Each structure stands twice: as C-alpha cells, then as structure tokens.
Amino acid sequence: MPRGLFITLEGLDGSGKTTQIKRLAAWMGKRGLPVVQTRQPGGTATGDRIREILLDARSGALAPMAEMALMFADRAQAIAEVILPALDSGKIVLCDRFTDSTEAYQGGGRELGSDAVLALHRLICGDLQPDLTLLLLPSFAASLSRARRRNHRFEEQTGKNEGRFEEEQDAFFLRVWQKYREIAAREPERVVLIEGDLTIDDVHEQIVEAVAERLVLADQSA
Ligand code: TYD
C-alpha cells in the first residue's frame, strides 16, 4: 500500500489557519479522500495534557528549553499514536502545526536557534517530514490584532487563559515571522507560502491548488 500524504498548516496565531483547515478537510471529504485531522500541541490524550501545561498562562516561568522539549514530547506521542499509523494505512494526515512551529516559535521567537530544533527533530522524528506545508502569512499587523482579540474572547467564554503565547510582545512575534520566512526560502519545494491579506476564499483557492498538485504527483508515483 502506498504511504499516505502528510500535509501541515503553519502560520502565526491569528493567521486564519483554523478556518482554512476546516475548509480543506471539507473539500477532501467531499472528494471521498481519507483524511485524519490533528493538531499540535495536542491531538492525543497525553498530548492534550502537555498542551494544557504549554498554553496555560500560569506556566509563565517555563524555561525555553523545557518548552521546546515539551513540544517534542507531544510530537513524539502524536507521531506514534496518530501520524505514522494513518500514513502507513495510506491516509492523508492534515496536521495543524508541526516542527516548523517549533523552529519559528522556540528557534526564532525564544531565540534557541534553528540548529537545536533541527537536531531534536532528527533525534525524535527521524526522517519524517511533511510532503507539503501550507504557510499562511497575512500581514503582521492583521495577525497580531486577531490573535489578541481571539484570546480575550476565549477567556471570557471559558474563564481559562490559554494565551501564554498570544501575550508575548510584538518583538517575539516578529522573530517568529522572520523565522517562518527563512524556512520558506530554505525549502521552497515543501513549503507553499501564502502571503498578504487575502480573502478567506482566495486563500482556500491557493491551498486547494497546491494540494491538488501534490495529490496528482502522489497518484503518479503510486
Ligand atoms: P493554538 O491555540 O493551537 O494556536 P493556533 O490556533 O494559532 O495554532 O496554540 C498553539 C500555540 O503553541 C501557538 O501560539 C504556537 C505555539 N507552538 C509553539 O510555540 N511551538 C510548537 O512547536 C507548536 C506546535 C506550537
């Protein structure tokens, strides 16, 4: 059986990723494609517990190295429990964030550097890489204000503040943003960069175009 297709979505908080993943999953569902949707951190029972530690505003004193290690602990569990079994059975895995997030947020934002992240990736994830990464980068200003609004709404509704990252300073997000651009420039074959303040429909169209192309390639090599 041919290996499935591993697709990741990346971008800053407030980039519209969640909306686009839902639309892409619906597009695939309509075509009868077998999709497994997941997210990081989270996506497994253990991962959801790790996610709570990572995102809770009360984890303020978490050391950057501990943060990075927890991101990879979550990822190791998701790979074993969800991602590899799905790919091995020929399914499409649609994953909201993967190692590019760690490189952008911990490598760039927390200034741990790309080398440390990529070394841990090799150790923990082996040679598992997405076949396609859709990187959404609307303008920096638009992403920031959307992320902050969203976190306040979530807190009002649930009483929980999951916004440890959303509360960071603009300089942190600028470093994340720059690291994402660096990754896109380094790996243009894997990473499709969707930039600018486009409408939801326009972004969806670009995503579908990139995905359809990969599906044809995967069919040809099967
Ligand atoms: P989440 O609520 O899932 O945000 P989003 O909808 O924007 O994906 O929160 C995930 C947060 O965790 C987000 O701020 C990015 C951060 N993160 C890292 O810092 N490193 C990582 O490796 C991953 C996967 C996420």
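Order of listing sets the numbers, starting from 1, for every ligand and every atom in it. Treat the numbers as computed from the prediction; the structure is a model and nothing was measured. Note that these values count all heavy atoms, side chains included, but never hydrogens, waters or copies made by symmetry.
Residue pairs meeting the salt bridge (charged side-chain N to carboxylate O under 4.0 Å, His left out) criterion with at least one member in residues 22-47, sequence neighbours excluded: Arg23-Asp201.
Proximity of Arg39 to ligand 1 is not established, as no heavy-atom distance is less than 4.0 Å. At least one heavy atom of Arg75 lies less than 4.0 angstrom from ligand 1. Proximity of Arg51 to ligand 1 is established by a heavy-atom distance of less than 4.0 Å.
Tracing side-chain contacts under 4.5 Å through hydrophobic residues (I, L, V, M, F, W, Y), one reaches Phe172 starting from Ile183; they form part of the same cluster.
At a heavy-atom distance under 4.0 Å, only side-chain atoms of Gln106, from C-beta outward, approach ligand 1. Heavy atoms of Leu55 found under 4.0 angstrom from ligand 1 belong exclusively to the side chain.
Against a heavy-atom cut-off of under 4.0 Å, Phe165 is close to the following atoms of ligand 1: 11 (C), 12 (O), 14 (O), 16 (C), 19 (O).
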(message) Run the side-chain hydrogen bond (donor to acceptor under 3.5 Å, both in side chains) test on Ser15 and Tyr180 for me, step by step, so that the C-alpha distance in whole Å, both residues' side-chain angles and the decisive distance to 0.1 Å come before the verdict.
(response) CA-CA 13 Å; Ser15 60; Tyr180 266 137; over 6 Å; no

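A salt bridge links Glu168 to Arg110: one of the charged nitrogens lies within less than 4.0 Å of a carboxylate oxygen.
Where the criterion is an N or O separation shorter than 3.5 Å, residue side chain and backbone included, Gln40 fails it with respect to ligand 1.
A ring-centre distance under 6.0 Å is not found for Phe165 and Phe173.
Results of the side-chain contact (heavy atoms from CB on, under 4.5 Å) test with Gln206 over Val192, Leu136, Ile194 single out Ile194 as the only residue that passes.
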